[in-house]
Amino acid sequence: MSTPVVNTVKTPASGTLREGAFGNATHLVCRECSATQSLGAFYACAECFGPLEIGYQFPAVTREQIEAGPKNIWRYQPLLPVPTDIASSPNMEPGFTRLLKADNLGAALGIKNLWVKDDSGNPTHSFKDRVVAVALSAARELEMKVFACPSTGNLANAVAAAGARAGMKTVVFIPHDLERAKVLTTAVYGGTLIAVKGNYDDVNRLASEIAGEEEGWAFVNVNVRPYYAEGSKTLGYEVAEQLGWRLPQQVVIPVASGSQLTKVDKGFAEFVKLGLVEDTPYKIFGAQANGCSPVSAAFKDGQDVVRPVKPDTIAKSLAIGNPADGPYVLDAVRRTGGAIEDVTDDEVRDGIQLLARTEGVFAETAGGVTVAVLKKLVETGKLDPDQETVVFNTGDGLKTLDAIADRVGPAATIDPSYAAFTATGLA
Ligand SMILES: Cc1ncc(COP(=O)(O)O)c(C=O)c1O
Ligand SMILES: [Zn+2]
């Protein structure tokens, strides 16, 4: 493993941060040793190399204040490391996606009270628009010049699109064998797209090296990761708000790097702390694909450390073999009394079809993983079917058509005549 590089360059380039550049965020804090440092393009602790996250001094925030905000993640501006004028800067305005009551899927799985948080409705059709919007704000405030990322696909879409809208140069690095749809839906935005001969973990290593060498490059999930990660809190905030200002009892979340899962937990905890919801218990469940399940394996083995794996699964968006937030996922899941499960590629396909057929929601492979894991958790008695449950669909099935290409299609191909139609017996 390469040593993390601490960016010691004074940022922003001009040396002074704009007043209120990071809203109510006040500092960076190490998740391992709690050492603090000032806000900037830092991601590793100067004391122990541990990962940094954002610390705040939150003002009093009311439900009414949030409800009066825009119908996107900026309604939570006081709780994010972004300035008060964020909504007026050119950005993708992600968030406030639908929370669907999923009675049909619930009936199919024997779950009484089930919801789907459908984040495929974001501008580039995955939850990544949330994290990228916050990272973009940080990159701007730190006067960084290049907006970049290593990506398993969805992040590539989100960075390329947001950079284009913000008028920033973008450079996106992807594994060379990504789904064609994800390649094209990144390249269309016109930035630089580089395919790397290797898997995501190789791409990520290369990105860390470039971030350490080049000045002014904001790799959203590397050197501005503390800001980026905060975007996922909004998934937790929205679920609580959309349920009528209360927490669900169980939530099932896909895990790649593990950032999203840990930040949904942080979002719930912050809402409790701010008195926006009652302090009711919730369990967090993690979902991985069999062919890349290092966090699930550690959970089942009772380990605190995650042993890296070489991914081999159709769920390419979740194919991170060396997940940065793996140990923190284990913490959150164990602390809340949840579990982590993994499913085969065939179960992922089943999950995609089940969600589509019961609720009319076409999920990306990550959503297939999550629905299939939900099913397995119920069948194995790890998830309580009598408790209110939210399952996340974090991406759009149009991005991963190959997953179901061999399974679905027309019932018949016929001549354009009534006789030909009746001959099929499909009337
Ligand atoms: C659609 C989708 N869902 C979930 C994830 C997992 O996100 P995280 O890396 O925060 O665990 C990803 C990551 O790329 C993704 O693309
Ligand atoms: Zn530290």
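Values in this document were obtained by computation on a predicted structure and should not be read as measured data. Index from 1, following the sequence. First listed ligand is number 1; within each ligand, the first listed atom is number 1.
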Test log, rule salt bridge (Lys or Arg N to Asp or Glu O under 4.0 Å), inputs Asp350 and Lys375: CA-CA 10 Å; Asp350 293 344; Lys375 181 168 185 279; over 6 Å; no
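When only modelled atom types and interatomic distance are considered, Lys399 and Asn154 share a side-chain donor-acceptor pair under 3.5 Å. Thr97 and Arg130 form a side-chain donor-acceptor contact under 3.5 Å, judged by distance and modelled atom types alone.
Taking CZ of Arg407 as the reference point, atom CZ of Arg349 lies at 6.0 Å (rounded to 0.5 Å).
Counting only residues at least two apart or on different chains, the salt bridge (Lys or Arg N to Asp or Glu O under 4.0 Å) pairs with a member in residues 353-366 are Lys182-Glu364. Residue pairs meeting the salt bridge (Lys or Arg N to Asp or Glu O under 4.0 Å) criterion with at least one member in residues 239-252, sequence neighbours excluded: Arg75-Glu241, Arg246-Glu388.
Ring centroids of Phe127 and Phe392 are separated by 6.0 Å or more, keeping the two rings apart. If you look at Phe147 and Trp217, their ring centroids are not closer than 6.0 Å.
Enumerated by chain and number, the residues approaching ligand 1 to less than 4.0 Å through a heavy atom are Phe127, Lys128, Thr152, Asn154, Pro254, Val255, Ala256, Ser257, Gly258, Ser259, Gln260, Ser317, Leu318, Glu364, Ala366, Thr394.
Under the 4.0 Å criterion applied to side-chain N and carboxylate O atoms, Glu230 and Lys266 are assigned as salt-bridge partners.
Tally of protein N, O or S atoms closer to the Zn ion (ligand 2) than 2.8 Å: 4.
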